[in-house]
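Following: one structure in structure tokens, then a few remarks.
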2 protein chains.
Amino acid sequence: MEDICRDIFQAHQDTIKVKKEAVGIKNLINIYNATLKLSNTKGFHAMTLRDLAKETGLSLGALYSYFSSKEQLLGIIQEQGYQLTSRILTGALEGVTTPEKRLSTAIRTHLYLSETMQPWFYFFYMEAKHLGKEDQKKAITSELYTEQLYTGILEQGVKTGAFRSHNTLLTASVIKAMLQDWYLKRWKYSRRKVGVDVYADFVCDMVNTYVRP
Amino acid sequence: MEDICRDIFQAHQDTIKVKKEAVGIKNLINIYNATLKLSNTKGFHAMTLRDLAKETGLSLGALYSYFSSKEQLLGIIQEQGYQLTSRILTGALEGVTTPEKRLSTAIRTHLYLSETMQPWFYFFYMEAKHLGKEDQKKAITSELYTEQLYTGILEQGVKTGAFRSHNTLLTASVIKAMLQDWYLKRWKYSRRKVGVDVYADFVCDMVNTYVRP
DNA sequence: GTCTATAGTGCGATAGAC
DNA sequence: GTCTATCGCACTATAGAC
């Protein structure tokens with residue numbers, strides 16, 4: 001969390017009026033956490049800056065030292081998320097060579113990441129349509145990028161004979177759908193005390209059963 | 001569409017000030033279509049009643065002859081959707097006895113229904129969190145009801161030996177996730193020219209492969 | 001760096017003419 | 001049954017004190 005906010009602090013020094021890094025990062029963490037909490041309960045649009053001021057303990061004026069408009073606040077959070085996701089996914093797959101291992105690593109990494117950053121992932125999904133035209137394209141690119149990652153692994157597997165021949169694009173799509181369900185319906189799974197490990201095993205099992213020769 | 005609106009017209013004669021059924025239904029269709037169109041593009045909260053007036057061709061004052069508040073408009077659409085979904089699903093399964101047939105019928109009916117009523121389903125999913133506390137409970141009940149339907153079919157199949165023993169609750173969850181992906185990501189599937197039949201075959205195939213003995 | 005106070009805008013909802 | 005006109009309110013964003 002602190003790392004994310006340090007990145008943002010340094011990347012947006014033009015719009016962030018606060019100069020001391022320690023103060024800036026502390027408040028950014030506060031603001032983003034509050035934004036995610038409020039947005040994920042009632043929606044970003046329904047969250048007013050007065051709500052946000054109350055939740056953070058900052059004043060309206062102080063908030064505007066950290067972003068130039070409500071819309072920009074939305075954009076910043078989204079953008080940071082895509083970068084982080086693709087960076088971590090790509091990193092986790094480095095050095096993993098066999099298709100079976102790559103598939104299971106990608107699925108598990110994605111699930112564990114969305115587990116620790118659940119509010120962020122939920123936010124990306126639900127607020128994507130409220131973005132400006134420019135940012136909306138980035139959202140679509142991000143969705144297709146991770147899907148492409150799975151398609152690539154599956155096709156590699158078909159080629160090497162590790163997987164049987166099948167519709168890799170549709171398989172990748174439903175893998176994504178299953179991963180997304182994990183962070184979109186957290187209320188359901190936590191109520192049932194289904195942990196991320198159990199869910200990860202299940203998804204890997206179902207996909208493996210389907211694609212194995 | 002006309003049937004749905006006739007149901008609503010008759011069920012809400014207390015809040016709908018228009019008395020002539022022909023006029024009432026014609027405008028209700030107009031209003032709900034416009035609401036779905038605008039909400040699904042920019043979100044229900046971001047849609048103003050002035051947007052809605054422009055889209056329907058009605059005035060602000062006229063709109064209020066068909067609902068008592070913006071919030072109630074949201075509630076009416078949601079409620080009607082649940083009733084329709086459960087009615088159609090239950091009806092489709094009537095007389096279908098073997099677990100294999102029941103499973104495939106449920107999946108296909110759900111997909112075909114969400115295909116013809118895509119804007120409604122998308123709306124239910126994305127706007128559920130903006131509902132009042134009362135209506136939110138109904139949304140959760142509805143989600144769990146359809147899931148329960150799949151769990152029931154799967155358990156019956158395990159008992160009769162048609163399916164192997166497996167985690168039926170998680171299987172039902174991911175079936176729902178796959179069905180939801182169909183109407184949540186329509187832009188993706190239609191861009192790729194994947195039709196509902198192809199998708200339905202795929203989902204049935206994947207689930208069957210997983211649960212067969 | 002953060003505050004309070006407020007300007008300016010656009011909303012949901014209503015009243016009353018037609 | 002539908003319209004126009006308008007009220008009161010809550011919002012985003014800013015200006016200036018501390």
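In what follows, chains carry the letters A, B, and so on, assigned in the order in which the sequence lines appear, proteins first and then strands, with residues in each chain numbered from 1. Keep in mind the model is a prediction, meaning the values are calculated, not measured.
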### Query
Under 3.5 Å, is there a donor-acceptor pair linking the side chains of His110(B) and Tyr183(B)?
no

### Message
Please report the distance, rounded to the nearest Å, between NE2 in His45(A) and C1' in dA10(D).
### Response
14 Å

### Task
Record whether the side chain of Arg50(B) comes under 3.5 Å of the base of dG10(C) through a donor-acceptor pair of N or O atoms.
no

### Task
Tell me, yes or no, whether the heavy-atom count around Lys193(B) atom NZ, taken from other residues, nucleotides or ligands under 6.0 Å, exceeds 12.
no

### Between dG12(C) (P) and His130(B) (NE2): distance, integer Å
14 Å

### Given dT14(C), dC11(D), dA13(D), the nucleotide with the shortest approach to the side chain of Thr48(A)
dC11(D)

### Message
Rounding to an integer number of Å, can you tell me how far Lys70(B) NZ sits from dC11(C) C1'?
### Response
9 Å

### Task
Pull out every residue in residues 4-31 of chain B that has a heavy atom closer than 4.0 Å to any atom of DNA chain C, ordered by number, or say none.
none

### Interatomic distance where NZ belongs to Lys54(B) and P belongs to dC11(C) [whole Å]
10 Å

### Query
Would you say the ring centroid of Phe123(B) lies under 6.0 angstrom from that of Tyr32(B)?
no

### Message
Could you walk me through whether Asp181(B) and Lys176(B) satisfy the salt bridge (Lys or Arg N to Asp or Glu O under 4.0 Å) test, starting with their C-alpha distance in whole Å, then the side-chain angles of each, then the deciding distance to 0.1 Å, before giving a yes or no?
### Response
CA-CA 9 Å; Asp181(B) 208 58; Lys176(B) 280 225 71 178; over 6 Å; no

### Query
So does Tyr66(B) get a side-chain nitrogen or oxygen closer than 4.0 Å to the phosphate oxygens (OP1/OP2) of dT2(D)?
yes

### Touch class at under 4.0 angstrom, heavy-atom based, for Leu58(A) against every strand present
sugar-phosphate

### Task
Would you kindly give the CG-to-P distance between Leu63(B) and dA13(C), to the nearest whole Å?
11 Å

#### Entry: Axial cation check for Phe44(A) ring with Lys70(A), 6.0 Å and 45° limits
yes

### Message
Without decimals, in angstroms, what is the distance between Tyr64(B) OH and dT6(D) P?
### Response
19 Å

### Task
Would you check if Met1(A) and Trp120(A) make a side-chain contact, meaning some heavy-atom pair closer than 4.5 Å?
yes

### Query
Whole-Å distance between dA13(C) P and Leu52(B) CG?
12 Å

## Note on the structure
Of dT14(C), dT14(D), dT2(D), the nucleotide closest to the side chain of Leu60(A) is dT14(D)

### Task
Measure the shortest side-chain to side-chain distance between Leu113(A) and Gln118(A) over non-hydrogen atoms and say whether it is less than 4.5 angstrom.
no

### Message
Rounded to whole Å, please give me the gap between CG in Leu73(A) and P in dA13(D).
### Response
10 Å

